There are 2 protein chains.
Amino acid sequence: MAAESQRKATVSSTVEDYLKVVLKIEDMKQRASTSRVARHLEVADATVTDMLRKLKKAGLLEYKPYYGATLTREGRRMAVRILRRHRLLEMFLHQVLGYGWEQVHQEAERLEHAVSDLFISRIDALLDFPSQDPHGEAIPDARGFRQVEDDLCLAEAEPGSYSVRKVTNSDPEFLAYLDRVGLRPATRLSLQEKAPFQGPLKLLPESGREPVYLGLEACRSIFVLPRKDRPPASASAPDGPASREAGTRGSRK
Amino acid sequence: MAAESQRKATVSSTVEDYLKVVLKIEDMKQRASTSRVARHLEVADATVTDMLRKLKKAGLLEYKPYYGATLTREGRRMAVRILRRHRLLEMFLHQVLGYGWEQVHQEAERLEHAVSDLFISRIDALLDFPSQDPHGEAIPDARGFRQVEDDLCLAEAEPGSYSVRKVTNSDPEFLAYLDRVGLRPATRLSLQEKAPFQGPLKLLPESGREPVYLGLEACRSIFVLPRKDRPPASASAPDGPASREAGTRGSRK
DNA sequence: GAAATTTATTAGACTGATCTAAAAATGAGG
DNA sequence: CCTCATTTTTAGATCAGTCTAATAAATTTC
């Protein structure tokens, strides 16, 4: 008998973190090499080599020495489960406990390993089965299905009118800054020029404020949706004027 | 340079568990001996000996070989902090996420080590600063102050009228049973006889149902408050009408 | 395509929390 | 006060996750 194990494999939170990182790297269409994984987790390369071998043995990923790791079906299932927990928790912290979007990541990072499935299903229901977290990232559903997201990275966008879809960077400082200048999911903005190789990119958030200048790196973590109306227009959108105002519950301090 | 350390000592969740257990034992007015701590934590005695020495070195408790441990001021502060988190979390799970009182303990046991102070203060406010958890146990306040509780243990109570104050036993089976027979904090009940050495004690919960019989051990985890009206009376208590139709003596079947 | 550079793996060690088995204190009874 | 049972500690190991330093494979560069 060899094809026995089915469900229930309970893993340490360390293992969950490794799987999460490999998934994240694969999602960015990069190779999950030892050093890349090590950078994400902030551990030594040697530690990762070791761990990847263990995870391979556990059947959670494929591992080719000098190449890197690839999640197996089971490994991906677990990774997506954690991703779901993480994002659902972020949403919960934001909506129910009033956390700012720059505060949710760190807390969710700890809770995702500690809460039970019951907890997750209760907050899912309490939040009415949300499909996105406070940063605009999609929350996988309970079966592990994920929406396909082919968003446009601001760093590659042509001049035009857009709205912010998601921000993939959890640095609190950075998020707090975006918040301050009025850039959050659903914010409308117009872009005058294509992102330069170096130097800041000029944005005009609809919020009417002054232009915002962002470095290339910053732009890489902002994803947008094109809007079908030209940059400097007056009244047009039928779904409400200065909407954006709610969400992003204050707190801070 | 010697009297430096003040706050901030961050400890592992294992250490938190040891402190919690020592506090619990001290609260029961027992000696926190190696083996008693070991039994509570379900680890080997040798492990405890080791750990107690480390905790002593860390200044969290006194430790006398062959005698046991006593929390220091700092150790007690930490232990009470965890107790507060635990009970506040239980209340939160019960009130906000709809957990049954037999489900809250296990989840809180994991969360108490994972949530931040911000999380705790948010749920505290959300629950409107509760003073008791779902089992009727007092929640220490944010400064670490604890209400003095001198409750009467059902195992020692004289016949009379009481109401349930708290239940100190987190076994889900047991709690689910109490729930089924209608015994929970604030339930009124009358006691016909004093707890026997062996055999079940007969209780009459006000909820009108049949008498309930509880073993001595079970009675030890139930604490009650005397009510000021005698068993077989008619009208008297100003805090409720036809309270206790205390008659019902024995009979019923 | 050989040398230089980068990336990855091996080797050896450490830390924290745990265990088992053996030795040593403690404390009760005679 | 001596012996026996109980409780506690010591000794020696294990396991997971991590590190550093040394070595080896892969890749890039000239």
Side-chain angles (χ1 to χ4, degrees), chain A residues 5 8-22 25-26 28-71 75 78-79 82 109-110 112-114, chain B residues 8-22 25-26 28 30-71 75 78-79 82 109-110 112-114:
Chain A
S5 79
K8 285 302 79 179
T10 254
V11 301
S12 70
S13 71
T14 306
V15 166
E16 293 181 335
D17 283 337
Y18 276 83
L19 295 176
K20 221 174 45 166
V21 161
V22 175
I25 294 173
E26 290 187 351
M28 295 190 296
K29 271 124 182 102
Q30 294 181 312
R31 179 167 63 93
S33 66
T34 303
S35 58
R36 193 124 52 196
V37 172
R39 262 199 309 284
H40 277 86
L41 289 168
E42 302 188 86
V43 298
D45 289 11
T47 309
V48 175
T49 299
D50 239 65
M51 195 63 179
L52 292 185
R53 276 212 260 86
K54 284 185 204 161
L55 295 185
K56 178 197 168 97
K57 188 164 310 170
L60 300 175
L61 44 75
E62 291 310 323
Y63 167 58
K64 278 244 297 287
Y66 294 100
Y67 176 77
T70 326
L71 292 173
M78 285 191 180
I82 299 296
E109 202 69 11
R110 271 172 291 110
E112 64 189 11
H113 307 296
Chain B
K8 283 303 78 178
T10 255
V11 301
S12 70
S13 71
T14 307
V15 166
E16 293 180 336
D17 284 337
Y18 276 83
L19 295 176
K20 221 173 47 166
V21 162
V22 175
I25 295 173
E26 290 187 351
M28 295 189 298
Q30 294 182 311
R31 179 166 63 93
S33 66
T34 302
S35 58
R36 192 127 50 198
V37 173
R39 262 198 310 283
H40 277 87
L41 290 169
E42 303 189 84
V43 298
D45 290 10
T47 309
V48 175
T49 300
D50 239 66
M51 195 62 178
L52 292 185
R53 277 213 260 85
K54 285 186 203 158
L55 295 185
K56 179 198 168 98
K57 189 164 309 168
L60 300 175
L61 44 75
E62 290 311 322
Y63 167 58
K64 279 243 299 285
Y66 294 99
Y67 175 76
T70 326
L71 291 173
M78 285 191 180
I82 299 295
E109 202 69 9
R110 272 172 289 109
E112 65 190 8
H113 307 295

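Protein chains get the first letters and strands the later ones, always in sequence-line order, with residue 1 at the start of each. The structure displayed is predicted, hence computed values, not measured ones.
The 5' end of DNA chain D is approached more closely, in terms of each residue's nearest nucleotide, by A:S13 than by the other of A:A46 and A:S13.
Of the candidate nucleotides D:dA16, C:dA8, C:dC19, C:dC19 has the atom nearest to the side chain of B:A44. Each of D:dA25, D:dG17, D:dT10 was ranked by its minimum atom distance to the side chain of A:S12; first place goes to D:dG17. Each of D:dT8, D:dT18, C:dA8 was ranked by its minimum atom distance to the side chain of A:R31; first place goes to C:dA8. Side chain of B:S33, nearest nucleotide from D:dT18, C:dA11, D:dT8: D:dT8. Taking only side-chain atoms of A:M51, from C-beta outward, the nucleotide of D:dC19, D:dG17, C:dT26 with the closest atom is D:dG17. Of the candidates C:dT18, C:dT7, D:dC19, the closest approach to any side-chain atom of A:S35 belongs to C:dT7. Comparing C:dC19, C:dA25, D:dA16 by their closest approach to the side chain of B:Y66 singles out C:dA25.
Put simply, CG on B:L52 is 16 Å from P on C:dG16, counting in whole angstrom units. In this structure, CG of B:L41 is placed 15 Å from C1' of C:dC19, rounded to the nearest angstrom. A:H113 has its NE2 atom 12 Å from the P atom of D:dG17, to the nearest Å. Look at CZ on A:R53: it is 15 Å from C1' on D:dT18, rounded to the nearest Å. Rounded to whole Å, the distance from OH on B:Y67 to C1' on C:dT26 is 14 Å. A straight line from CG of A:D50 to P of C:dG12 spans 14 Å, rounded to a whole angstrom. Taking atom NZ on A:K64 and atom C1' on C:dT7, their separation rounds to 16 Å, with Å as the unit. Distance B:D45 CG to C:dA17 P: 18 Å, rounded to the nearest Å.
Heavy atoms of A:R39 sit nowhere under 4.0 angstrom from any nucleic acid atom. Among the protein residues, B:R36 comes within range of no part of the nucleic acid, since none of its heavy atoms lies under 4.0 Å from any strand. Residue contacts for A:T34: at a heavy-atom cut-off of 4.0 Å it reaches the sugar-phosphate backbone alone, with no base atom in range.
Under the 4.5 Å side-chain criterion, counting only non-hydrogen atoms from C-beta, B:K54 is not in contact with B:L60. Between A:E26 and A:V22 the shortest side-chain heavy-atom distance falls below 4.5 Å.
Between B:R31 and B:Y66, the shortest heavy-atom contact is NH1-O, 4.1 Å. The heavy-atom pair separating B:A38 from B:D45 by the smallest distance is CB-OD1, 3.3 Å. Considering every non-hydrogen atom in both B:L19 and B:L55, the closest pair reads CD2-CD1, 4.3 Å.
Side chain of A:E16 to backbone of A:H113: no donor-acceptor contact under 3.5 angstrom is found.
In this model, the phosphate group of D:dG17 is not approached by any side-chain N or O of A:T47 to a distance below 4.0 Å at OP1 or OP2. When the side-chain nitrogen and oxygen atoms of A:T49 are compared with OP1 and OP2 of C:dT10, none of them lie within a distance under 4.0 Å.
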